[in-house]
Structures are given as structure tokens and as C-alpha cells.
There are 2 protein chains.
Amino acid sequence: MNKKAVWIWYPGDFEIVLANSVMTRRYERDVFIPPFWRTDDCYHNVKFIKEFALTQVNNIKIKAEGSINILLNDNYVYDFTGTLTLPPGQYKMVITCYNPNGLPALFAEGEEVVSDLSWDVTCNDHRTVKVKTSSLVGNNSLPNTVRLPVEICFPVQTIPVSGHTVYDFGKEIMAYVQIEGLQGKGDLCIYYGESIEEATDFEHTETYDRLKIENGIVKTEIAKAFRYLVIDTKLEFNKKISAYYEYLPLSRQSSFKSSNPMLDAIYQTALHTLHLNTREFMLDGIKRDRWLWSGDAYQSYLMNYYSFFDKEVVRRTMLALFGKLPVATHINHIMDYSFYWIIAFYEYYLYTGDGDFIKENFDKIIAMIDFCRGRTNANGLMEGLPGDWVFVDWADLDNAGEVCFEQMLFYCALSAVEKMGRKLNLDSKVNKYKNEIKELKIKIDKFWDAELGAFIHSYKDGQPDNTVTKHANIIALFYDLCGDDRKEKIKNNVLLNAAVPVITTPYMRFYELAALCKCGEYDLVFDEILSYWGGMLAEGATSFWETFDNTEIGAEKYAMYGRSYGKSLCHAWGASPLYLLGKYFIGLRPKCPGYQSFELRPQLGRLTWFETKIPLNEGYLEFYYSKEKIKIYCESASGLLVLPGQRHIAGAVYSHYQGETLVEIEKATEYELDLK
Amino acid sequence: MNKKAVWIWYPGDFEIVLANSVMTRRYERDVFIPPFWRTDDCYHNVKFIKEFALTQVNNIKIKAEGSINILLNDNYVYDFTGTLTLPPGQYKMVITCYNPNGLPALFAEGEEVVSDLSWDVTCNDHRTVKVKTSSLVGNNSLPNTVRLPVEICFPVQTIPVSGHTVYDFGKEIMAYVQIEGLQGKGDLCIYYGESIEEATDFEHTETYDRLKIENGIVKTEIAKAFRYLVIDTKLEFNKKISAYYEYLPLSRQSSFKSSNPMLDAIYQTALHTLHLNTREFMLDGIKRDRWLWSGDAYQSYLMNYYSFFDKEVVRRTMLALFGKLPVATHINHIMDYSFYWIIAFYEYYLYTGDGDFIKENFDKIIAMIDFCRGRTNANGLMEGLPGDWVFVDWADLDNAGEVCFEQMLFYCALSAVEKMGRKLNLDSKVNKYKNEIKELKIKIDKFWDAELGAFIHSYKDGQPDNTVTKHANIIALFYDLCGDDRKEKIKNNVLLNAAVPVITTPYMRFYELAALCKCGEYDLVFDEILSYWGGMLAEGATSFWETFDNTEIGAEKYAMYGRSYGKSLCHAWGASPLYLLGKYFIGLRPKCPGYQSFELRPQLGRLTWFETKIPLNEGYLEFYYSKEKIKIYCESASGLLVLPGQRHIAGAVYSHYQGETLVEIEKATEYELDLK
């Protein structure tokens, strides 16, 4: 038999159940902290439906998570013991599965019929939809108890610190801890540290595990983030400590080498940082919050398209963030995060070409944008209502009133919905937005201050606040919301203007550096990457931080939110060099949805050469670039290489257009182009 | 301390969780059958909020179902061990409770602060609402594991039947079975029977329990419906069999005695039938389906107002039937059942005066009626859409097209919403329905066939079907949808017309007999009660059946749905004499919402006397009525006694109006009135 049986369930429900499980592993010392927002649940009572013909006797083994009954051609199967033996014939099988405490899931395997993606499922609401499965679920990981694989690792050294032994695992990991050779019964406490200071400051350590020891071995139940451990116990033990490093297996990963070893180290650390946070879902940070935050995840998606290109984790994260209808609040309660969630669908489509995922979830996308549209003020603009968090950035901003940044995201989100609708032949669902988008664009224009040559921060009570912050101006560039004239003004009056308050978070720096690249400021961005991310490496970082300020000294640099070690030292948004290098230096982007063809606009900046292998939707692009030479090979797609200036390229078809040289790259063809 | 701590939770969620538990105890032999409809779940992640002042040190014991954290004046409480010791002061306490597998519930008890109905709760959707509790939950029954109390009982006799010993418990019960004195290990099967035939016909028994015996005693896990048991085992046992009869404790219950002993027996059996089905919720039947069906429950509510007047079970059932927003289907998938659900709110308000319950759930009521309004056809009338079940009755009806019966219920439901809105000052929510109600009334008129002098069954494809069934005509009378002229025509042309197909279900007979009472046909109804319900008693019934046909003989009378014992012999809708006698013979109804005053229009019919004690919203009405004398005492409300004819009543204030005698009854006053 050729068909492969997989575990199947109601679409979207696996992600909701798994997210509930993942997001409730956050502790601050002994305080359990579940998410601050409404958490949804799966449908617990579903029917799996399949019509099939058998040409021979089939012995169908059926397993389920939940209680089932089987209706075969409209008759209940009595005395079912796990295997259904069916003679040849035509069948309609309806398997009801009820799982009050988790996801109802089904696995069926016969000679000619198996549980696969051809099955239908209903939550008994008169609608049937196709089932889904996940690569996270296999023989060793059942739908309701998914755990990622682990790899054992050991301390690379021990460090004595004021009477304690600090076990150093060499780099940041997320892992279960195992201690063997314990003698007797008693208490044991594991203090986790992202820094040595944290692991040894028992009064303030953010995470610890207090364990009751009854036999010689103990293993923790929740993987936690750490590089350093201290074990505090009166029990004797042989100091055999190991960690089970838990990670998402990646089938693909980008590589990058260049003439600058510091940049290469940054790239490697960024990959490690993103990988640690890219798990069942894209988390914000692995020590804290260990949650799904839509704005954080949005940046991870973009970094992921230039590093692991794991489509499944993007889909899982998007579905889990939304939960179930009806929409009652902004995603994570944050206005901007609703918009990023919508925009991310469009970008997912551009990078993956996976229109099915958009279509399957279009009702949710529409519900989300309509929720936002239902909350506009009398001017048709977004303004925080009670309970809404108008975040923008961790910065000293007054976000009351009509915040320009939010209107821009609103515009981008509304446009994204409209564009998806057009591209996927769902016009009837998006026609209503067409005029609104035009009108919104015009409304946003009021935030442009011609005198200041910049977008101002906000209008409050009908009055402009005349304050210029970088945020709206960055976003205008990032999403191409203004023409060359304003772009140039923003660059000079805002981005390069020392009088405008600096961006301090890596989160907003993501957009800022991208915006600077869009203005051609590659050298500036290059220097900034080396100083900011290089600065963390100089501090001994093995993963990138939630925030970094090189003027902070000693343990001060680990403090945040009023807590000594509140800062996360492994935060996904710290990995943005992956995106910046991928999109603006390597210069890769999809020319058609799903990289049916690619575009490559490389920039060496201050480098003399770089070499990269970078995943596309399918396959890789291999690319070497120096002042003298280009090597390209792409196994899966053709593309266009765009070089500045009018050059003559030997060995390829090329043309000149508006001062650039366009080189046609055929797929599965090795190119070695001389640039001398 | 005076305050009493209770378990608290998010409103409506207890009912959803409990209903999921109750409705998944249905088995057909070994086949597990969960409900056919979408089942919802509670919010699993909530915050309980309370501001309070302490004048002394309080030791607050806190218990929860779920994992909690405590935020006290915006700071997490670390190292919480179960009791919080707080000095005098002002506090804001936020307790987050997360329970992935059930209802998050909280219990807190300090000297000055306790968990009670003054607390707020949010599901993290920016809205806080008041918490709820339930009398079903106490020290012995926790929120997530509620079980009703039990009472042990024993077989009253054993009956040998073809080699088996049948244990007869004397009457229908719902109970756990316990067998003691078993010797050895092995299998044992308990066959349950509502009839001797069912208990002994192992091949076809509807319910059984197959148990593995490992020690000397066994007790079943799910209470099942039976009068008779057969134990099938090869093990030796001492035949010590007992049953734990599980029931809802009732604080009040009506009584009825009359000059007709058969009628009294019917009344007692109806009480027993209703009580067996009135449990955590109002079930349809205790053998099958053991589910909440809105149409069945609707009749139980009405019977309940004339027997137990248990308001809590009505509220629990109404909440559980709805589940959570958004509305995706009709309630139980049945169009009529959505309408009954809405109408029941209005009647609940009339009988209980509990406007708070209506207000708390008004958004759900609006969502339900708007769901229906969103499914009308081009004529603005209800027509079954794919997946909708247009039920009306178990009868041979063609319910395609515009069914008159459904339009009438639609009209009643829409009117009920409008009336509730007006009475509870929610006008702004219902103003939009005003014109629609008028228009709908006019539209329904097209179903009146002047020639036939009756409402026809339906319009299909714009054409009247010219068929007269009793259903629409009964409903028109039951809900007072037509004037005296049409009422008289319906009585003669439909209700008393032998050419119109008879009603065969007790379900529809409920409405039919009520409609006949409304036409003054008390003797006919009296005879019908004696013959139909008396007929079941003659068959040995100890509870009333799902259907009854006195022409069926032998085991044939137990068959239904193609199964030998498919028929339920204890079905709530079989108890309708409680309502018929209470509303139309005793003649009691609320004159103002919540029985602030009552109206009493008694009918002796063929009786020479009756005596009753019947619960009002608060307290009882005690009432004796014979041709010679009336005795009345009502502890809690004043009312109006209405007697036919112009009489002179000694000992009371009375007046004459439109051929009737109106006697004013003061509360807490004993009346003995001479009618001679």
C-alpha cells in the first residue's frame, strides 16, 4: 500500500491546543504566569468523514485521542475492539471523536484506506472542512503530548563563585536538567542563569526549580533557558549533571561567510538565537515570556524566510495567535499586533506562494480587519479604546489619540487584505475595502508636516502634536508608503538627525535599519550591526538580547521591568541581522509569489566578499559575491540578478535598464561571472 | 464573620462544563454517543478581581481548581502556600486561574474577605462581569466533579425469567449499581431494563455494563436508567445487589389529590417522571438520549413552574443549551428549538420575575434571534437551510418550504425579545424589531385558508400546500395568535375534526391538550389524560413514556428507531399532566412577573373536588376546590380568583366583570368560601 497514515484533526485546533500547553510553561520564580489574553480551546466534539471503496478485505486499525464511535454506512459499529475488518465494497465512514480535555485526533490504517489529508471533518456546525496534520506529530509524539526532540549535552566547565559551583554549558540553551547520583531524600533547587550573576543570586534568580528528591535521579519537567546552573542541596550527589537540549529539527538552514569575521560571528549567533526561539511556535524569548506575541513573531517570520524557511512554524504561529472566532480583542491586546498579524499573511504568500493557507483562513483575516474597522473613531482612524494597548515600541511615547504609526499599519493591513483577495480570486470579499483604502491613504497625509519634512507622531483632540519620532517615519519607509521626495526628507530630517530621539530596542531597530537600507545607507547599517550586535558579543553573549545598551555596566545590564534579571538574553527580535543581511546585503527577495522566480540585488557594503547558501521556498540559492566575481547556482528557480551600473557580463544573458544591469539567471545552472 | 465563602467562576461556564460531562454519559450498548451538535467549552484562563479593605489581620485561605497566581496591589505574591496573611489595609487582589482541562474556579475565605458574588471576573477580553456560583457545588461536590446526591435502595423482588434472575427495584430509577460478595476474578455484565423484556433480551438490551471483577465488590461509574436488572456472570456472588439512586434534591414540590384516584396516580407518576429527568439539567429521557434538547426542555420548564419551581435548573439548562458565542447553528440544529429557547426566557421572566438573568444573557438572546433573522428567505420567512432540522414533531410531515408552524414560533420568539427589551429598559436593543414583528404577523396571515377555516401547513415555491395538520393550528391557540372567531373555527375544523391526522406524540399532545383547554374543552382533555396516561399506568408504567399507542401489544410497545428497546420509558415530555392540571384545571398563572400577584381560574371538569399545594415563585398556594367550597391560603402573594358566572361570595371582597366573579385574595390570609 502506498498511502501513509497520519494523525488528523480539525484544522487550526492542533495549534490552539499546543499553544495553550507551550504558553503555560512560564514561571517567574515560583509564580505561574499564563498569558494575559483570552485563550481559546479546540473543538472537543468532531466527526471525521470519509467515503471510500475497497477492492479487497481491509483490516483497518483505528486509534484516537478521545472517545470514538464509528458509523459505517449509517449504522453504528458495536463491539469495536480497535480493528475494523471490512469486506470489499463502497463505504461511508463517520467517526465521532470526543476529547473533553484535549484535541480529538484520529489515526486509521488499513490496506486501502488510511487517515490522510483527504478526510473531511466537522465540529457539528453543518460545515465540513479538510483535516490537517503536522510534522511535529509522529510515532513518538502524539497529538496532545507533542514534545520536540532532545539532545543530551554536558557542562563544558565548572566555575566556582562565592562558595557555589556554577555549571557552564558553554552557550545559551533551552533544556531539561538531569541530575544523577543523588543520595537520600530531601530538597534540591536548580537555579538557572542566562548569566553567572543570575545563577548565583538566589534571591533574584528569575527561574528555578525546587524539587523533592526521593530516588537517585531527578529530571525537570519543563525545559528552561540557561547557560549556567547552580545546584543548591544538602544532599550528596556525584555532580553528574546533564541537560536535554530541546529544539525544533530544521530541514534547512542558511549559511553566511564574509571577509569580516565579526559579522560572521554575529550571523552565527543570530541563527542560534532565532533557532532557540523557533520551536513549536515562534516565541519572543525562551526565558521570558515564552509566549507568542504577534509583533515579535512578525519579525521572526521575516528572519525565518532568510534562514530556515520553515513554513510550518509560521503557519502554526499565525493560527495559534488568532485562536478562535469571535474576535474580542486585538491580538495580544495590542493594536499594532493585529495589523502585523494580517500583513504577515500577505508576506507569507509572497515568500511561499501558499494561497491555500490564505484561503483557508480568509474568514479569520476578514474578521480581524473588520474588528479593527469597527473600532475607528469619527475620523475613520484608529485610536486606542479602553483595554487596547497601543504599543508601537518600548519607548517614552504618548500613544493617546490618533497615532500616525498605527494608521500606517492599518493602511498596510487593509491593503494586504485587499491584495490577497484579488490575487486569490476572492474579490467579492474585499471589494468593500477598495474605497476605504484610498480614503485612508489621503487621511494619513495629514500627519505629514511639510515644514518639518517628516511625519509627526500623532493628532490628539483634532490637533497635531508637532512631535517627530522615528517610528512613523521608519514605518513609512519600511512599507514603501511615500515617494522618493519624502523618502529623502525623512532620511535627512529624521533618520540621520541626531536631534530626534534614538531607537533603543532591537525590535524597532529592525525596522530602522531596514529603512536605512532602503535609503541606500548600507555602510551605516553595516557599522551599526557591528557595533550593536558586536557589542553584545563583546559582553560574552551567545545569543542576542531583548535590549542592549553598551553604557550599562555589571549586573545592571541584566535588569529590566524592575527586576534584577528581568531582561531576556535570548530574544528572537535580537536576530534581525539575518533579515537585514538576507534582504538588503545578499539582496534576495521573491519576484513572484513562492519564489517562482527570485530577484537578487546584492550589496557588498564594506565587505570585500561574502558567500551564502540561502533557502528559497524550494531548494537553495548558492551565491558568492566579491568585487571581482559572482558565483550563482539555484537548483529550484530562475531569477534576476540586478547589479548597479551598466556592466558587461560575460557568460550570461543581460540587459541594461535605468542605470542597472539585469542578468538573467536560469535555474539549475552554474554561473561564474567575472566583474573585473 | 458573617460572609459565607462560595466557589466562584466565570458566569455561564459552570453550566457548559457540567453539560459536557452530563451529555457524554450516553451509551447505546457499548457505543459511546456524544451530542450531535457543536459542544462549547468554558474559558480556561480567567482573572478573579476584588478590591477590599481589612480592619484586622486576615488569614485568607485560597483554594482553586486550576493553577493560580496572586497579584496583590500590582505585585505578584511569591512563595504562596495556600494561606495569605494580610495586615489591615486597602487591597486590590487579582487572582489569575488557569485550568486547561476544566472550569477555573476559586474559593477564598478570610476573616473579612471571602469569595462571594461580589467578585468580578474577566476572561481577559477587557470586560469584567460578576462571578457566579451554584447550589450544586459545596464541600462534597467540587466545581469540576459535581455529582448529585444518592440514596441507597434495594430490589423489592426477584423474578425468575427463562433461567435468569431479574432484580426488580419496584419503579424506574437512575442509579449506580453495586454488587457485593463476588468471588474470584472474571467478567460480569449488568443488563439494564426499563422493562423485564429489555433486561432479559441480552442481544437487544439498550444499555449494559461489562465489568472486570478483581475484588469482591463492584460499583458502576455512570448512573443508568432502569427498573429491572439482570446480572450475567460465571462468578459466584451472594446476590447482595443495591442501587445508589441519584437525584436532584428538591426544596419544593407540588401535591394534588382529587375525587379521581386514577388522576391522582397519574399526577404522582408525572411528578416522578419529571423529577427523574430534572437533574443537573432538564434531560429528555434518562435512558436515552440523556441530553439537553431545547424543545423537550421547554416543556419541562413549564411543568416545573407547576411542580418543583426549581429556578436554578431552568437557568442551568438555558445556559448550557446556548453554549458560547458565536451562534453557528440552531440550538440542537433544530429551527423550532432556537425559538423555544428564546420564548422560554420570556416565560422564565413571567414566572420568576428574575430580570437579572435576562439582562445578563440578553446579548446571547439577541445573537440567537439575529442568527434566525439572518436565515430568512426572500419573503422574510424561515425556511430550512442545509443542515437545519425543521422538526415540528415526530410525524409524517413535509417540512420543506415555508412551514406555518415555524413562522408562528419565529413570531413568538421575536415578540418575546421585544417584550423583554421593553420590560427591562433595554429598548435600544430591541427597537429595530418593532416593525419586523408587525410585518411578520401580516405575512403569517397568508397561511390562513378562509375556505378551510384553518391554517395550512406550508407554502412551497410560492404555492400553498392546502394541507391542514393540527400543528400550526395548535400553536396558534397555544400562543394566542388569533382572535375568537378563528379560534372557534380551528377548534371545530381542526382540533375536533376526525379527518385531520391525529397527534401521536406526548410532545405535541402537550400543546394540543393545552390548546383544547384554551377552547374550553376541559372534559375532553380530562378524558384524554385518563385514557392516554392512564393507559400507560395500565401497562404497569412507573414513569411516562416517550410515546404510547395502546394498540401495540407485547414487546412491540418498547420498540422505536428500529431497535427493540429503543423507546425511552421515562421521558420528560410524558409528564405534561403536571402543566395541564396546574395551568388549566387548578388554573394558576402569574398576574405580574414573578407572581407578585397570581391569577386563579380553576376548573373542576369532571371532578367533584381537588386539593393542591403548589409552589409560586416564593412560597406556596394552598387550594381546595369543590362544587360546594373553596379554601385558599397563599403565604407569599395576593391574587385574583376568577370563577365563572356571577356569584355571591361570602367572606371575601369580590366583583363581577364580563360574566365572571373576581374574588380578591389577600396574602397570608386563610379563606374558606361557600359556593352553595
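Convention: sequence-line order gives letters A, B, ...; per-chain numbering from 1.
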> Partners of A:Ala400 by side chain to side chain contact (heavy atoms under 4.5 Å, CB included), sequence neighbours excluded?
Replying inline: A:Asp398, A:Lys460
> For A:Ala367, what residues pass the side chain to side chain contact (heavy atoms under 4.5 Å, CB included) criterion, not counting sequence neighbours?
Replying inline: A:Leu325, A:Val327
Chain B against chain A: donor-acceptor pairs under 3.5 Å:
residue	atom	partner	partner atom	Å
A:Glu28	OE2	B:Tyr78	OH	2.4
A:Asp30	OD1	B:Asp79	N	3.1
A:Asp30	OD2	B:Asp79	N	2.7
A:Phe32	O	B:Asn69	ND2	2.6
A:Pro35	O	B:Asn45	ND2	3.0
A:Trp37	O	B:Asn45	ND2	3.1
A:Arg38	N	B:Asn124	O	3.4
A:Asp41	OD2	B:His44	NE2	2.7
A:His44	NE2	B:Asp41	OD2	2.7
A:Asn45	ND2	B:Pro35	O	2.9
A:Asn45	ND2	B:Trp37	O	3.1
A:Asn69	ND2	B:Phe32	O	2.6
A:Tyr78	OH	B:Glu28	OE2	2.4
A:Asp79	N	B:Asp30	OD1	3.1
A:Asp79	N	B:Asp30	OD2	2.7
A:Asp79	OD1	B:Arg210	NH1	3.3
A:Asp79	OD1	B:Arg210	NH2	3.3
A:Asn124	O	B:Arg38	N	3.4
A:Asn124	O	B:His333	NE2	2.8
A:His126	NE2	B:Gly387	O	3.1
A:Arg210	NH1	B:Asp79	OD1	3.3
A:Arg210	NH2	B:Asp79	OD1	3.3
A:His333	NE2	B:Asn124	O	2.8
A:Gly387	O	B:His126	NE2	3.1

>> Taking every non-hydrogen pair under 4.5 Å, which of A:Ala328, A:Cys123, A:Cys97 racks up the most with chain B?
In response: A:Cys123
>> Taking side chain as everything from C-beta outward and backbone as N, CA, C, O, which of these in A:Ile68 sits under 4.5 Å from a heavy atom of chain B? Side chain, backbone, both or neither.
In response: backbone
> Which answer fits A:Val46, side chain, backbone, both or neither, if we ask what part of it has an atom under 4.5 Å from a heavy atom of chain B?
Replying inline: neither
> Can you say whether B:Ile33 sits under 4.5 Å from chain A via the side chain, the backbone, both, or neither, judging by heavy atoms?
Replying inline: both
>> Looking at chain A, which one of B:Pro386, B:Pro100, B:Pro35 has the largest number of heavy-atom pairs inside 4.5 Å, strictly under?
In response: B:Pro35
>> Using heavy-atom distances under 4.5 Å, tell me whether B:Pro326 contacts chain A through its side chain, its backbone, both, or neither.
In response: both
